[in-house]
Amino acid sequence: MQQLSSDFFTNDVLIVAPKLIGKIIQIKTEKGVESFRITETEAYRGEKDLACHARKGKTSRTAPMYELGGILYVYLIYGMHWMLNIVTAEKNNPQAALIRGVEKYNGPGKLTKRMGINKNFNYLNICESEQFQILDDGFSPEIKTGKRIGIDSAGEIYKNKAWRYYQSE
DNA sequence: TGAGTGATCGTA
DNA sequence: ACGATCACTCAC
């Protein structure tokens with residue numbers, strides 16, 4: 001059981017997002033230490049990607065994505081649901097992998113609710129944090145790809161990219 | 001299929 | 001200051 005190093009996240013999101021499948025999120029909550037194995041991710045890749053928040057450039061919301069890979073990008077959507085993203089790539093290359101599902105909790109809003117993820121986790125460095133870590137226990141499942149979900153306004157080219165990754169049964 | 005919900009950002 | 005938008009979820 002090994003914690004992922006900074007190098008792991010300093011790669012293109014199209015490399016990192018599929019590699020995150022099967023890895024384990026370990027989080028310290030009021031209940032103690034809990035673990036969740038990642039089953040589904042999506043890649044959001046730079047200002048050119050019309051589905052990525054960074055398509056409009058750097059703002060206070062998207063600033064975390066412009067940092068060096070290895071921190072969290074957390075934001076609220078529809079006034080209710082916290083979205084958990086892992087920032088990837090080098091500084092000023094705004095990319096992130098959305099954690100869309102973990103074992104037993106599918107859906108990006110459901111898993112953050114279960115984990116207690118909120119605004120306080122934004123910018124958290126996951127290579128240095130005691131509270132939130134990602135671990136590799138050697139498990140490497142077969143991975144399938146598909147179109148990303150919920151990005152209808154993104155335009156034909158990027159809407160149809162197969163940048164969603166999930167574990168096949 | 002549509003309501004709930006509030007931060008964010010462009011426009012003024 | 002205002003209004004449109006939104007990487008979702010749940011109940012019909």
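Computed over heavy atoms, backbone and side chain alike; hydrogens, waters and symmetry mates excluded. By convention in this document, chain letters (A, B, ...) are assigned in the order of the sequence lines, proteins followed by strands, and residues within each chain are numbered from 1.
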- Message: Can you list every stem that DNA chain B is part of, counting only runs of 3 or more consecutive Watson-Crick or G-U wobble pairs with both distances under 3.5 Å?
- Response: B:1-4 with C:8-11, B:6-11 with C:1-6
- Query: Does a salt bridge link A/Glu42 with A/Arg100, judged by any charged N lying under 4.0 Å from a carboxylate O?
  - Reply: yes
- Message: Between A/Glu67 and A/Tyr123, is the side chain to side chain contact (heavy atoms under 4.5 Å, CB included) condition met? List the steps.
- Response: CA-CA 9 Å; A/Glu67 295 299 319; A/Tyr123 282 106; 4.2 Å; yes
- Could you run through nucleotides 7-12 of chain B and give me one letter per nucleotide, 5' to 3': B if any protein heavy atom sits under 4.0 Å from the base, S if only the sugar-phosphate is that close, - if neither? -SS---
- Task: Report which part of the nucleic acid A/Met80 touches: base, sugar-phosphate, or nothing (heavy-atom distance under 4.0 Å, all strands).
- Result: base
- Query: Taking atom OG1 of A/Thr41 and atom CG of A/Asn85, what is their separation to the nearest 0.5 Å?
  - Reply: 10.5 Å
- NZ/NE/NH1/NH2 to OD/OE distance under 4.0 Å, A/Asp137 and A/Arg37: yes
- Assign A/Arg148 to base, sugar-phosphate, or nothing according to its heavy-atom contacts below 4.0 angstrom with the strands shown. nothing
- Message: I'd like to know if A/Lys19 and A/Asp136 make a salt bridge, using a cut-off of under 4.0 Å between side-chain N and carboxylate O.
- Response: no
- Task: Output yes when A/Asp49 and A/Lys161 qualify as a salt bridge under the 4.0 Å nitrogen-oxygen rule, no when they do not.
- Result: no
- Task: Would you grab the first and last nucleotide of DNA chain C (5' to 3') that comes under 4.0 Å of any non-hydrogen atom in chain A?
- Result: C/dC6 to C/dC10
- Task: Would you mind classifying the nucleic acid contact of A/Leu98 as base, sugar-phosphate or nothing, using non-hydrogen atoms under 4.0 angstrom?
- Result: base
- Message: Does this structure show an ion pair linking A/Glu47 with A/Arg55, if we count only N-O contacts that are shorter than 4.0 Å?
- Response: no
